[in-house]
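Convention: sequence-line order gives letters A, B, ...; per-chain numbering from 1.
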Number of protein chains: 2
Amino acid sequence: MDPQARYEELIEKLHQRQYRLTPQRLALLHLLAASENHPSATQLFEKLRDQYPTMSFGTVYKTINLLKEMGEVLELGFSNDDNHYDGNKPYPHPHLICTSCHKISDTEIELPQSLVAEVSSTSGYKITRNRLDFYGLCPQCQNKA
Amino acid sequence: MDPQARYEELIEKLHQRQYRLTPQRLALLHLLAASENHPSATQLFEKLRDQYPTMSFGTVYKTINLLKEMGEVLELGFSNDDNHYDGNKPYPHPHLICTSCHKISDTEIELPQSLVAEVSSTSGYKITRNRLDFYGLCPQCQNKA
DNA sequence: GTGCTTGCAAACAGTTTGCAGATAG
DNA sequence: CTATCTGCAAACTGTTTGCAAGCAC
(Lines give C-alpha, C1' and ligand atoms only; values in the text may rest on other atoms or scores of the structure.)
Protein backbone atom coordinates (compact mmCIF):
# COMPACT_ATOMS: atom_id res chain seq x y z
CA MET A 1 0.00 0.00 0.00
CA ASP A 2 1.08 3.57 -0.68
CA PRO A 3 2.83 4.92 2.45
CA GLN A 4 0.90 8.18 2.43
CA ALA A 5 -2.45 6.40 2.17
CA ARG A 6 -1.42 3.99 4.92
CA TYR A 7 -0.35 6.93 7.10
CA GLU A 8 -3.76 8.51 6.74
CA GLU A 9 -5.44 5.19 7.41
CA LEU A 10 -3.48 4.78 10.65
CA ILE A 11 -4.43 8.28 11.78
CA GLU A 12 -8.05 7.51 11.06
CA LYS A 13 -7.93 4.25 13.05
CA LEU A 14 -6.37 5.93 16.07
CA HIS A 15 -8.91 8.71 15.80
CA GLN A 16 -11.79 6.21 15.72
CA ARG A 17 -10.61 4.76 19.02
CA GLN A 18 -10.20 8.24 20.47
CA TYR A 19 -6.49 7.90 21.02
CA ARG A 20 -4.71 11.24 21.04
CA LEU A 21 -2.76 12.26 17.99
CA THR A 22 0.34 13.80 19.52
CA PRO A 23 3.14 15.08 17.26
CA GLN A 24 5.35 12.22 18.47
CA ARG A 25 2.74 9.65 17.52
CA LEU A 26 2.14 11.17 14.12
CA ALA A 27 5.87 11.05 13.39
CA LEU A 28 6.02 7.40 14.43
CA LEU A 29 2.98 6.54 12.31
CA HIS A 30 4.65 8.23 9.37
CA LEU A 31 7.74 6.06 9.75
CA LEU A 32 5.75 2.87 10.25
CA ALA A 33 3.51 3.56 7.27
CA ALA A 34 6.63 3.48 5.08
CA SER A 35 8.39 0.68 6.94
CA GLU A 36 9.26 -1.60 4.03
CA ASN A 37 12.76 -1.79 5.53
CA HIS A 38 11.34 -3.31 8.74
CA PRO A 39 12.96 -1.01 11.29
CA SER A 40 13.71 -1.96 14.88
CA ALA A 41 12.53 0.05 17.89
CA THR A 42 16.04 1.48 18.17
CA GLN A 43 16.08 2.56 14.52
CA LEU A 44 12.67 4.19 14.90
CA PHE A 45 13.77 5.86 18.12
CA GLU A 46 16.91 7.32 16.52
CA LYS A 47 15.02 8.77 13.57
CA LEU A 48 12.37 10.24 15.84
CA ARG A 49 14.96 11.76 18.16
CA ASP A 50 16.18 13.94 15.27
CA GLN A 51 12.79 15.66 15.25
CA TYR A 52 12.02 15.30 18.95
CA PRO A 53 15.22 15.38 21.02
CA THR A 54 13.32 14.40 24.17
CA MET A 55 11.88 11.29 22.52
CA SER A 56 12.22 8.21 24.74
CA PHE A 57 12.13 4.46 24.21
CA GLY A 58 9.13 4.27 26.50
CA THR A 59 7.08 6.40 24.14
CA VAL A 60 8.16 4.40 21.10
CA TYR A 61 7.27 1.10 22.73
CA LYS A 62 3.99 2.34 24.19
CA THR A 63 2.74 3.49 20.81
CA ILE A 64 3.96 0.35 19.04
CA ASN A 65 2.16 -1.78 21.63
CA LEU A 66 -0.99 0.23 21.06
CA LEU A 67 -0.77 -0.50 17.34
CA LYS A 68 -0.01 -4.17 18.01
CA GLU A 69 -3.18 -4.50 20.08
CA MET A 70 -5.09 -2.91 17.22
CA GLY A 71 -3.48 -5.35 14.78
CA GLU A 72 -2.03 -2.45 12.81
CA VAL A 73 1.64 -3.36 13.05
CA LEU A 74 3.43 -6.67 12.48
CA GLU A 75 6.10 -7.48 15.01
CA LEU A 76 8.96 -9.68 13.88
CA GLY A 77 10.54 -10.95 17.07
CA PHE A 78 13.98 -12.52 17.24
CA SER A 79 15.69 -14.07 20.24
CA ASN A 80 19.08 -12.40 19.86
CA ASP A 81 18.47 -9.36 17.70
CA ASP A 82 15.86 -6.80 18.67
CA ASN A 83 12.33 -6.82 17.29
CA HIS A 84 11.53 -5.31 13.90
CA TYR A 85 8.26 -3.78 12.79
CA ASP A 86 6.15 -3.47 9.67
CA GLY A 87 3.32 -0.98 9.83
CA ASN A 88 2.65 -1.00 6.10
CA LYS A 89 1.71 -4.68 5.78
CA PRO A 90 0.58 -5.61 9.30
CA TYR A 91 -0.55 -9.15 8.40
CA PRO A 92 1.79 -12.19 8.43
CA HIS A 93 3.91 -12.61 5.32
CA PRO A 94 7.20 -14.39 4.59
CA HIS A 95 10.51 -12.57 4.96
CA LEU A 96 14.02 -12.88 3.65
CA ILE A 97 16.76 -12.17 6.16
CA CYS A 98 20.34 -11.69 5.03
CA THR A 99 22.71 -13.49 7.37
CA SER A 100 25.50 -11.05 6.48
CA CYS A 101 24.03 -7.52 6.35
CA HIS A 102 20.92 -8.47 8.41
CA LYS A 103 18.50 -6.63 6.18
CA ILE A 104 14.92 -7.88 6.14
CA SER A 105 12.94 -7.95 2.89
CA ASP A 106 9.56 -9.20 1.80
CA THR A 107 9.31 -12.15 -0.58
CA GLU A 108 7.38 -12.04 -3.81
CA ILE A 109 5.61 -15.28 -2.95
CA GLU A 110 3.15 -16.13 -0.20
CA LEU A 111 2.83 -19.27 1.91
CA PRO A 112 0.37 -21.44 -0.07
CA GLN A 113 -2.99 -21.62 1.67
CA SER A 114 -3.13 -25.30 0.70
CA LEU A 115 -0.13 -25.95 2.93
CA VAL A 116 -1.84 -24.27 5.87
CA ALA A 117 -4.94 -26.34 5.21
CA GLU A 118 -2.89 -29.53 5.08
CA VAL A 119 -1.16 -28.80 8.38
CA SER A 120 -4.49 -27.91 9.90
CA SER A 121 -6.16 -31.15 8.81
CA THR A 122 -3.29 -33.49 9.74
CA SER A 123 -2.78 -31.86 13.15
CA GLY A 124 -6.30 -30.87 14.14
CA TYR A 125 -5.10 -27.37 15.04
CA LYS A 126 -7.25 -24.33 14.31
CA ILE A 127 -4.49 -22.26 12.73
CA THR A 128 -4.79 -18.50 13.08
CA ARG A 129 -1.47 -17.17 11.86
CA ASN A 130 1.99 -18.18 10.77
CA ARG A 131 5.57 -16.99 10.59
CA LEU A 132 7.91 -17.88 7.76
CA ASP A 133 11.46 -16.58 7.47
CA PHE A 134 14.11 -17.52 4.92
CA TYR A 135 17.71 -16.98 5.99
CA GLY A 136 20.52 -16.62 3.46
CA LEU A 137 22.89 -14.33 1.61
CA CYS A 138 21.36 -11.44 -0.31
CA PRO A 139 22.63 -10.77 -3.88
CA GLN A 140 24.79 -7.82 -2.77
CA CYS A 141 26.47 -9.79 0.02
CA GLN A 142 27.13 -12.70 -2.35
CA ASN A 143 29.12 -10.34 -4.58
CA LYS A 144 31.14 -9.01 -1.67
CA ALA A 145 32.36 -12.50 -0.74
CA MET B 1 15.31 -40.73 15.69
CA ASP B 2 15.25 -43.01 18.74
CA PRO B 3 16.18 -40.92 21.82
CA GLN B 4 18.63 -43.52 23.12
CA ALA B 5 20.43 -43.71 19.77
CA ARG B 6 20.49 -39.93 19.54
CA TYR B 7 21.88 -39.73 23.08
CA GLU B 8 24.74 -42.03 22.14
CA GLU B 9 25.33 -40.08 18.94
CA LEU B 10 25.61 -36.83 20.89
CA ILE B 11 28.07 -38.40 23.34
CA GLU B 12 30.16 -39.62 20.41
CA LYS B 13 30.16 -36.17 18.77
CA LEU B 14 31.29 -34.44 21.97
CA HIS B 15 33.92 -37.14 22.45
CA GLN B 16 35.24 -36.61 18.91
CA ARG B 17 35.82 -32.94 19.68
CA GLN B 18 37.44 -33.83 22.99
CA TYR B 19 34.87 -32.04 25.07
CA ARG B 20 34.61 -33.45 28.58
CA LEU B 21 31.68 -35.68 29.39
CA THR B 22 30.72 -34.50 32.85
CA PRO B 23 27.71 -36.02 34.64
CA GLN B 24 25.87 -32.72 34.24
CA ARG B 25 26.46 -32.70 30.49
CA LEU B 26 25.42 -36.31 30.09
CA ALA B 27 22.17 -35.59 31.92
CA LEU B 28 21.50 -32.60 29.66
CA LEU B 29 22.29 -34.61 26.53
CA HIS B 30 19.86 -37.24 27.73
CA LEU B 31 17.07 -34.69 28.05
CA LEU B 32 17.87 -33.05 24.71
CA ALA B 33 18.02 -36.37 22.89
CA ALA B 34 14.39 -36.94 23.89
CA SER B 35 13.27 -33.34 23.49
CA GLU B 36 10.20 -33.86 21.29
CA ASN B 37 8.40 -31.52 23.70
CA HIS B 38 10.85 -28.70 22.86
CA PRO B 39 11.83 -27.68 26.40
CA SER B 40 13.06 -24.23 27.38
CA ALA B 41 16.30 -23.58 29.23
CA THR B 42 14.29 -23.13 32.42
CA GLN B 43 12.48 -26.44 31.96
CA LEU B 44 15.77 -28.22 31.32
CA PHE B 45 17.34 -26.51 34.31
CA GLU B 46 14.52 -27.54 36.63
CA LYS B 47 14.67 -31.19 35.59
CA LEU B 48 18.43 -31.24 35.93
CA ARG B 49 18.32 -29.64 39.35
CA ASP B 50 16.41 -32.66 40.66
CA GLN B 51 19.49 -34.78 39.97
CA TYR B 52 22.11 -32.09 40.56
CA PRO B 53 20.92 -29.62 43.18
CA THR B 54 23.85 -27.31 42.46
CA MET B 55 23.02 -27.11 38.74
CA SER B 56 23.08 -23.55 37.45
CA PHE B 57 21.68 -21.71 34.45
CA GLY B 58 25.19 -20.86 33.38
CA THR B 59 26.02 -24.51 32.93
CA VAL B 60 22.82 -25.23 31.02
CA TYR B 61 23.41 -22.34 28.63
CA LYS B 62 27.09 -23.04 28.16
CA THR B 63 26.44 -26.62 27.10
CA ILE B 64 23.50 -25.67 24.89
CA ASN B 65 25.69 -23.07 23.18
CA LEU B 66 28.37 -25.67 22.62
CA LEU B 67 25.81 -27.90 20.92
CA LYS B 68 24.47 -24.97 18.89
CA GLU B 69 27.95 -24.26 17.53
CA MET B 70 28.21 -27.91 16.59
CA GLY B 71 24.81 -27.74 14.87
CA GLU B 72 23.49 -30.47 17.16
CA VAL B 73 20.60 -28.58 18.71
CA LEU B 74 17.89 -26.47 17.11
CA GLU B 75 17.09 -23.27 18.94
CA LEU B 76 13.59 -21.87 18.58
CA GLY B 77 13.85 -18.26 19.65
CA PHE B 78 10.87 -16.10 20.56
CA SER B 79 10.82 -12.43 21.44
CA ASN B 80 8.56 -12.64 24.49
CA ASP B 81 8.76 -16.22 25.64
CA ASP B 82 12.09 -17.86 26.37
CA ASN B 83 13.94 -20.00 23.83
CA HIS B 84 13.05 -23.64 23.29
CA TYR B 85 15.34 -26.42 22.15
CA ASP B 86 15.21 -29.57 20.06
CA GLY B 87 18.23 -31.85 20.33
CA ASN B 88 16.56 -34.78 18.62
CA LYS B 89 15.91 -33.12 15.25
CA PRO B 90 18.50 -30.33 15.13
CA TYR B 91 17.71 -29.24 11.58
CA PRO B 92 14.99 -26.67 10.68
CA HIS B 93 11.47 -28.04 10.54
CA PRO B 94 8.03 -26.46 10.88
CA HIS B 95 6.34 -26.23 14.27
CA LEU B 96 2.84 -25.89 15.62
CA ILE B 97 2.47 -23.58 18.60
CA CYS B 98 -0.73 -23.56 20.64
CA THR B 99 -1.70 -20.01 21.51
CA SER B 100 -3.54 -21.23 24.61
CA CYS B 101 -1.40 -23.92 26.32
CA HIS B 102 1.81 -22.83 24.54
CA LYS B 103 2.92 -26.33 23.71
CA ILE B 104 5.20 -26.75 20.70
CA SER B 105 4.77 -29.73 18.36
CA ASP B 106 6.27 -30.86 15.10
CA THR B 107 4.14 -30.94 11.97
CA GLU B 108 3.76 -34.00 9.80
CA ILE B 109 4.55 -32.01 6.69
CA GLU B 110 7.71 -30.25 5.59
CA LEU B 111 8.17 -26.94 3.80
CA PRO B 112 8.17 -27.88 0.08
CA GLN B 113 11.64 -27.57 -1.40
CA SER B 114 10.01 -26.14 -4.53
CA LEU B 115 8.86 -23.15 -2.49
CA VAL B 116 12.39 -22.51 -1.23
CA ALA B 117 13.67 -22.76 -4.81
CA GLU B 118 11.02 -20.31 -5.99
CA VAL B 119 11.88 -17.75 -3.31
CA SER B 120 15.55 -18.22 -4.08
CA SER B 121 15.13 -17.64 -7.82
CA THR B 122 12.78 -14.65 -7.55
CA SER B 123 14.89 -12.93 -4.87
CA GLY B 124 18.42 -13.91 -5.85
CA TYR B 125 19.16 -14.94 -2.25
CA LYS B 126 21.31 -17.98 -1.52
CA ILE B 127 18.98 -19.50 1.08
CA THR B 128 20.61 -21.58 3.80
CA ARG B 129 17.85 -22.23 6.29
CA ASN B 130 14.29 -21.31 7.17
CA ARG B 131 11.91 -21.01 10.06
CA LEU B 132 8.22 -21.84 9.80
CA ASP B 133 5.80 -21.69 12.71
CA PHE B 134 2.04 -22.15 12.70
CA TYR B 135 0.11 -20.56 15.55
CA GLY B 136 -3.33 -21.73 16.57
CA LEU B 137 -5.46 -23.69 19.00
CA CYS B 138 -4.51 -27.33 19.57
CA PRO B 139 -7.32 -29.95 19.58
CA GLN B 140 -7.35 -30.20 23.40
CA CYS B 141 -7.62 -26.44 23.88
CA GLN B 142 -10.43 -26.24 21.30
CA ASN B 143 -12.47 -28.67 23.43
CA LYS B 144 -11.86 -26.69 26.59
CA ALA B 145 -13.35 -23.54 25.05
C1' DG C 1 -10.28 21.32 32.82
C1' DT C 2 -9.68 16.34 32.40
C1' DG C 3 -7.28 12.54 31.78
C1' DC C 4 -4.31 10.53 28.35
C1' DT C 5 0.53 10.94 26.92
C1' DT C 6 5.34 11.92 27.44
C1' DG C 7 9.84 11.45 29.32
C1' DC C 8 12.75 9.81 32.53
C1' DA C 9 14.52 6.31 35.44
C1' DA C 10 14.06 2.16 37.62
C1' DA C 11 12.51 -2.55 37.15
C1' DC C 12 12.30 -6.74 34.69
C1' DA C 13 13.45 -11.36 32.30
C1' DG C 14 16.24 -14.23 29.80
C1' DT C 15 20.88 -14.88 28.56
C1' DT C 16 25.85 -14.23 28.92
C1' DT C 17 30.14 -13.54 31.24
C1' DG C 18 34.02 -13.71 34.83
C1' DC C 19 36.27 -16.00 38.05
C1' DA C 20 37.61 -19.26 41.81
C1' DG C 21 37.34 -23.86 43.02
C1' DA C 22 36.38 -28.65 41.38
C1' DT C 23 37.16 -32.53 38.26
C1' DA C 24 37.60 -35.40 33.71
C1' DG C 25 40.98 -37.31 31.15
C1' DC D 1 48.67 -32.96 36.61
C1' DT D 2 46.37 -29.64 33.82
C1' DA D 3 43.10 -27.67 31.08
C1' DT D 4 38.32 -27.59 31.00
C1' DC D 5 33.99 -27.33 33.45
C1' DT D 6 30.93 -25.99 37.20
C1' DG D 7 28.52 -22.89 40.08
C1' DC D 8 27.68 -18.60 41.68
C1' DA D 9 26.88 -13.85 41.13
C1' DA D 10 27.19 -9.85 38.57
C1' DA D 11 26.64 -7.83 34.04
C1' DC D 12 24.13 -7.16 29.94
C1' DT D 13 20.29 -6.13 26.44
C1' DG D 14 15.88 -5.22 24.90
C1' DT D 15 11.47 -4.26 26.70
C1' DT D 16 8.15 -2.81 30.26
C1' DT D 17 6.48 -0.16 34.06
C1' DG D 18 5.57 3.82 37.44
C1' DC D 19 5.00 8.32 38.16
C1' DA D 20 5.16 13.39 37.88
C1' DA D 21 4.76 17.00 34.57
C1' DG D 22 2.83 18.28 30.00
C1' DC D 23 -0.54 18.71 26.51
C1' DA D 24 -4.60 17.09 23.21
C1' DC D 25 -9.07 17.65 23.04
Colleague: Atom CZ of Arg25(A) to atom P of dC4(C): distance rounded to whole Å?
Modeller: 11 Å
Colleague: Determine which pairs satisfy salt bridge (Lys or Arg N to Asp or Glu O under 4.0 Å) with at least one residue from residues 53-69 of chain A, sequence neighbours left out, and list them in order.
Modeller: Lys68(A)-Glu75(A)
Colleague: Between the side chain of Ser121(A) and the main-chain N/O of Glu118(A), is any donor-acceptor distance below 3.5 Å?
Modeller: yes
Colleague: Using a strict heavy-atom distance below 4.0 Å, which residues from residues 73-83 of chain B are in contact with DNA chain C?
Modeller: Asp82(B), Asn83(B)
Colleague: Figure out the CG/P separation between Leu21(A) and dA24(D), and round it to whole Å.
Modeller: 10 Å
Colleague: I would like to know whether Gln4(A) and His30(A) meet side chain to side chain contact (heavy atoms under 4.5 Å, CB included); could you show each step before the answer?
Modeller: CA-CA 8 Å; Gln4(A) 184 61 30; His30(A) 199 262; 4.2 Å; yes
Colleague: Rounded to whole Å, how long is the line connecting atom CG of Leu29(B) with atom P of dC5(D)?
Modeller: 12 Å
Colleague: Whole-Å distance between dC25(D) P and Ile11(A) CD1?
Modeller: 11 Å
Colleague: Kindly write out the residues that satisfy side-chain hydrogen bond (donor to acceptor under 3.5 Å, both in side chains) with Ser123(A), not counting sequence neighbours, or none if the list is empty.
Modeller: none
Colleague: How close or far is atom P of dT5(C) from atom CD1 of Ile64(A), stated in whole angstroms?
Modeller: 15 Å
Colleague: By the ring pair (Phe, Tyr, Trp, His ring centres under 6.0 Å) test, which pairs, at least two apart or in different chains, include something from residues 39-60 of chain A?
Modeller: Phe45(A)-Phe57(A)
Colleague: Provide the full list of ring pair (Phe, Tyr, Trp, His ring centres under 6.0 Å) pairs with a residue in residues 86-120 of chain B, sequence neighbours left out, each pair given once.
Modeller: His38(B)-His95(B), Tyr91(B)-His93(B), His93(B)-His95(B)
Colleague: Who else is in Met1(B)'s hydrophobic cluster (ILVMFWY, side-chain heavy atoms under 4.5 Å, direct or via others)?
Modeller: none
Colleague: Kindly say if Thr22(A) contacts the phosphate of dC4(C), meaning a side-chain N or O under 4.0 Å from OP1 or OP2.
Modeller: no
Colleague: When you compare the protein's N or O atoms with those of nucleotides 20-23 of chain C, which come within less than 3.5 Å of each other, and at what distance?
Modeller:
none

Colleague: Does Leu115(A) sit in a hydrophobic cluster with other residues, and if so which ones, taking ILVMFWY side chains as linked at heavy-atom separations under 4.5 Å, directly or through other members?
Modeller: Leu96(A), Ile109(A), Leu111(A), Val116(A), Val119(A), Tyr125(A), Ile127(A), Leu132(A), Phe134(A), Leu96(B), Ile109(B), Leu111(B), Leu115(B), Val116(B), Val119(B), Tyr125(B), Ile127(B), Leu132(B), Phe134(B)
Colleague: Please list all pairs passing the salt bridge (Lys or Arg N to Asp or Glu O under 4.0 Å) test where one or both residues lie in residues 82-100 of chain A, with sequence neighbours left out.
Modeller: Lys89(A)-Asp106(A)
Colleague: Given atom CG of Leu14(A) and atom C1' of dT5(C), what is their separation to the nearest angstrom?
Modeller: 13 Å
Colleague: Tell me: CD of Glu69(A) to P of dT16(D), nearest whole Å?
Modeller: 11 Å
Colleague: Can you run down the salt bridge (Lys or Arg N to Asp or Glu O under 4.0 Å) pairs that involve residues 12-38 of chain B, sequence neighbours left out, and say none if there aren't any?
Modeller: Lys13(B)-Glu72(B)
Colleague: Closest approach to the side chain of Asn65(B), judged atom by atom: which nucleotide of dT16(C), dC8(C), dG18(C) is it?
Modeller: dT16(C)
Colleague: Under 4.0 Å from any atom of DNA chain C, heavy atoms only: list the residues of residues 36-59 of chain B that qualify, in numerical order.
Modeller: Ala41(B), Gly58(B)
Colleague: What pairs meet the salt bridge (Lys or Arg N to Asp or Glu O under 4.0 Å) rule with one or both residues in residues 119-136 of chain A, with sequence neighbours excluded?
Modeller: Arg131(A)-Asp133(A)
Colleague: Quick one: label Gln24(A) by what it contacts on the DNA or RNA (base, sugar-phosphate, nothing), any heavy atom closer than 4.0 Å.
Modeller: sugar-phosphate
Colleague: Between Tyr85(B) and Tyr19(A), which residue's closest nucleotide on DNA chain C lies nearer the 5′ terminus?
Modeller: Tyr19(A)
